[in-house]
Amino acid sequence: MKKKMLVIVNPRSGVGRQKRIEQLLATNLNLDMYDYTIQYTEHIHHGTDLAREGAMKGYDIITAVGGDGSVNDVITGMHGSDATLGIIPCGSGNGLARCMKIPTTPALAIRVLNQNNPGTIDTIILNDKFYIASIAGVGFDAYIARLMKAAKMRGFSAYLNLILREYPTYESKDYKLVIDGKEISRKAWFTTFANSNQFGYNAAIAPQAKLDDGLIDISIVDKIPIEHLPVTGPLVYANHFELSQHVEMFKAHEVWVSGNVDKWVNIDGEGENVGNELHFVNHQNSLKIMKRDMKRALISRKTSEQLSLVRDQIQMTRDQLIPKKK
C-alpha cells in the first residue's frame with residue numbers, strides 16, 4: 001500500500017532552491033511508494049497549522065521543504081501524532097539535515113525518502129511549549145537570529161554581515177544555569193543547547209552532540225577576541241570546538257536558565273521572544289523521522305509505468321539496430 005505524504009513548502013526559505021520542488025518531486029520521488037500532496041506556507045508559522053491538519057488527516061509522512069525554521073514549524077504541528085518527518089533542505093544553514101547527512105541538493109534529498117528508512121531522534125522541549133529538533137541558544141546567538149527574522153535578505157552572506165556588524169558592540173551577559181540539579185553561574189557571550197551538532201553551514205558548535213543519546217549538549221562561550229578568531233574559527237569547522245579556551249561544555253537531561261535579559265532565544269535558527277526564565281528538557285526518541293541509509297545508494301526510482309515505457313523504448317531500439325532473421 002502506498003504511503004500518504006504531505007509536502008509543506010516554505011516559498012521564502014533560504015536562497016530559492018525550493019522553487020523547482022514540484023518538478024523535482026515528479027522526477028525523483030518513487031511514485032510506486034508514495035502518493036503526495038503539496039501545500040505552500042503563506043505566513044509565519046503557517047507550516048505548524050498545515051502539519052497539524054495533515055497529521056489529523058492521517059498523512060504517514062509530513063515533509064518540510066525549507067530550512068531549520070521550516071522543519072521546526074512542521075515538528076511543532078506534528079507533535080503527538082504518528083506521522084514521520086521528512087526533510088528536503090532548502091534553507092540557508094540546514095543544520096539538522098547536515099547533521100543527519102541528508103544532502104542539501106533537493107533532488108538527492110528526495111531520494112533519501114525513497115530509501116524508506118524511518119527512525120527516531122530526540123527533541124528538546126523549552127518551557128513546555130517550544131519544540132527543538134536541532135539547536136537553541138541565548139545571548140549573541142539569539143540576538144542575531146532576532147535580527148535575521150526581520151531582515152529582507154536571507155542566506156549565509158546576510159547572516160555573516162549581521163555577525164560582523166554586531167560583533168564589536170554586543171557584550172556578554174550574566175546567567176545562572178541549573179544543569180541536572182547542579183547550579184553554576186557564568187558570564188557568557190552566548191550559550192547553546194544542542195540536540196544536533198551544529199548551527200548550520202557545517203559550523204559544529206557542539207561536536208559531541210548525538211541526536212538520540214537522551215542528552216542536551218550545552219556550550220557556554222566567552223566573547224572571542226578578534227585576534228583569536230583565526231584559531232577558533234577553524235576549530236568550529238574542523239569539528240573540534242571543544243579544544244577552544246573560550247568554550248565550556250556540559251551534557252544534561254534537563255537545564256534551567258535564568259538571567260536571559262534579552263528574552264529572545266534562537267530556536268532552530270529562528271528568533272523567538274520566550275522570556276527571562278528558561279527550562280530545557282530532552283525527550284529521547286520522541287520524533288519519527290526519515291533517515292538516510294549510508295550503506296545504500298541514492299537512486300531515482302521510476303514508477304511501474306515509467307519503467308514499462310523505458311522497456312518499450314529499449315525494445316524498439318533493439319528492433320531497429322538488430323536485423324530480423326529472414
Query raised in the report: So, for Val138 and Tyr175, which heavy atoms are closest and what is the spacing to 0.1 Å?
Result: CG2-CE2, 3.9 Å
Requested in this report: Output yes when a side-chain donor or acceptor of Arg111 lies under 3.5 Å from a complementary backbone atom of Asn28, and no otherwise.
Outcome: no
Query - Atom pair OG1 (Thr120) and CD (Gln284), whose distance is rounded to the nearest 0.5 Å - result: 8.0 Å
Query raised in the report: So, do Asn276 and Ser258 sit near enough that their side-chain heavy atoms are less than 4.5 Å apart?
Result: no
Query - Backbone of Ala133 reached by a side-chain donor or acceptor of Asp268 within 3.5 Å - result: yes
Query - Side-chain (Tyr34) to main-chain (Leu113) donor-acceptor, under 3.5 angstrom - result: yes
Query raised in the report: Do Glu22 and Val9 come close enough that some side-chain heavy atom pair is under 4.5 Å?
Result: no
**Report entry** Smallest separation among heavy atoms of Gly95 and Ser134, with atom names
**Finding:** C-OG, 4.2 Å
Report summary line: Shortest non-hydrogen pair, Val74 vs Ala64, comes out as CG2-CB, 3.7 Å
Report task. Hey, could you give me the NE2/CG distance between His240 and Leu235, rounded to the nearest 0.5 Å? Result -> 8.5 Å
Query raised in the report: Got a donor-acceptor contact below 3.5 angstrom from the Asp217 side chain to the Met249 backbone?
Result: no
**Report entry** Nearest heavy-atom neighbours spanning Val65 and Cys90
**Finding:** CG1-SG, 3.8 Å
Query - Sub-4.5 Å side-chain heavy-atom contact between Arg165 and Leu147 - result: yes
Requested in this report: State, with a plain yes or no, whether a side-chain heavy atom of Met100 is found less than 4.5 Å away from one of Ile289.
Outcome: yes
Query raised in the report: Do Leu85 and Met5 sit in the same hydrophobic cluster, where Ile, Leu, Val, Met, Phe, Trp and Tyr count as joined when their side-chain heavy atoms come under 4.5 Å apart?
Result: no
Query raised in the report: Taking atom types as modelled and ignoring hydrogens, do the side chains of Thr48 and Thr76 form a donor-acceptor contact shorter than 3.5 angstrom?
Result: no
**Report entry** Value rounded to 0.5 Å, distance of CG in Asp212 from CG in Asn282
**Finding:** 10.0 Å
Query raised in the report: What do the steps show when you test Lys263 against Val274 for side-chain contact (heavy atoms from CB on, under 4.5 Å), and what is the final call?
Result: CA-CA 6 Å; Lys263 295 187 179 181; Val274 176; over 6 Å; no
Query raised in the report: Short question: side chain of Asn127, backbone of Glu277 - any donor-acceptor pair under 3.5 Å?
Result: yes
Query raised in the report: Any side-chain heavy-atom pair from Phe193 and Leu177 closer than 4.5 angstrom?
Result: yes
**Report entry** Main-chain N/O of Gln115 paired with Arg296 side-chain donor or acceptor, under 3.5 Å
**Finding:** yes
Requested in this report: Calculate, to the nearest 0.5 Å, the distance between atoms CD1 and CD1 belonging to Ile75 and Ile62 respectively.
Outcome: 12.0 Å
Requested in this report: Using atom types as modelled and distance alone, determine if a side-chain donor or acceptor of Lys2 lies under 3.5 Å from a backbone N or O of Leu31.
Outcome: yes
**Report entry** Sidechain-backbone polar pair: Asn30 side chain, Asn114 backbone, donor-acceptor under 3.5 Å
**Finding:** no
Query raised in the report: In terms of heavy-atom contacts, does CH2 of Trp256 have more than 12 from other residues, nucleotides or ligands at under 6.0 Å?
Result: no
Query raised in the report: Among the clusters formed by ILVMFWY side chains lying less than 4.5 Å apart, do Tyr170 and Val265 turn up in the same one?
Result: no
Query raised in the report: Side-chain heavy atoms under 4.5 angstrom apart, residues restricted to Ile, Leu, Val, Met, Phe, Trp, Tyr: same cluster for Ile226 and Val247?
Result: yes
**Report entry** Derivation and outcome, side-chain contact (heavy atoms from CB on, under 4.5 Å), residues Lys288 and Asp82
**Finding:** CA-CA 8 Å; Lys288 297 178 182 178; Asp82 290 328; 3.9 Å; yes
Report task. Please round to the nearest 0.5 Å and tell me the distance separating atom OG of Ser196 and atom CG of Asn94. Result -> 11.5 Å
Requested in this report: Check the surroundings of atom CG in Asp128: do more than 12 heavy atoms from other residues, nucleotides or ligands lie under 6.0 Å from it?
Outcome: no
Query - Option passing salt bridge (Lys or Arg N to Asp or Glu O under 4.0 Å) with Glu272 (candidates Arg146, Lys129, Lys149) - result: Lys149
Query raised in the report: If you group Ile, Leu, Val, Met, Phe, Trp and Tyr by side-chain heavy-atom gaps below 4.5 Å, do Leu278 and Phe130 land in one group?
Result: yes
Query raised in the report: To the nearest 0.5 Å, how far apart are OG1 in Thr104 and CD1 in Ile88?
Result: 13.0 Å
Query raised in the report: Between the main-chain N or O of Asp68 and the side-chain N or O of Asn72, is there a donor-acceptor pair closer than 3.5 Å?
Result: no
Query raised in the report: Is Asn195 close to Phe280 at the side-chain level, that is, under 4.5 Å between some pair of heavy atoms?
Result: no
Requested in this report: Say whether, by atom type as modelled, one donor and one acceptor occur between the side chain of Asp60 and the main chain of Lys4 under 3.5 angstrom.
Outcome: yes
Requested in this report: Using a 4.5 Å cut-off on heavy atoms from C-beta on, say whether the side chain of Leu287 contacts that of Met78.
Outcome: yes
Query raised in the report: Just wondering, do Met294 and Lys101 contact through their side chains at under 4.5 Å, heavy atoms?
Result: yes
**Report entry** Thr37 and Tyr59: side chain donor to acceptor below 3.5 Å
**Finding:** yes
Query - Minimal non-hydrogen separation, Gly137 against Ala142, with atom names - result: O-CB, 3.4 Å
Query raised in the report: When the ring planes of His228 and His246 are compared, do they come out parallel, tilted or perpendicular, using 30° and 60° as the limits?
Result: tilted
**Report entry** Phe190 and Phe199 aromatic ring geometry - parallel, tilted or perpendicular at 30°/60° bounds
**Finding:** tilted
Requested in this report: Determine whether the side chains of His45 and Asp73 contain a donor N or O and an acceptor N or O closer than 3.5 Å.
Outcome: yes
Query raised in the report: Can you list the steps and then say if Leu298 with Arg292 is a side-chain contact (heavy atoms from CB on, under 4.5 Å)?
Result: CA-CA 9 Å; Leu298 295 177; Arg292 179 178 178 180; 3.8 Å; yes
Requested in this report: Please assess Glu166 against Phe140 for the test side-chain contact (heavy atoms from CB on, under 4.5 Å), listing each intermediate value before the final yes or no.
Outcome: CA-CA 9 Å; Glu166 302 296 331; Phe140 187 69; 3.9 Å; yes
Query raised in the report: Between Tyr159 and Ile205, is there a shared hydrophobic cluster once you connect ILVMFWY residues whose side-chain heavy atoms come closer than 4.5 Å?
Result: yes
Query raised in the report: Would you call the rings of His43 and His46 parallel, tilted or perpendicular if under 30° counts as parallel and over 60° as perpendicular?
Result: parallel
Report task. Return yes when atom NZ of Lys210 has more than 12 non-hydrogen atoms of other residues, nucleotides or ligands closer than 6.0 Å, and no otherwise. Result -> no
Report task. Give the minimum heavy-atom separation between Asn116 and Met290, together with the two atoms involved. Result -> CA-CE, 3.5 Å
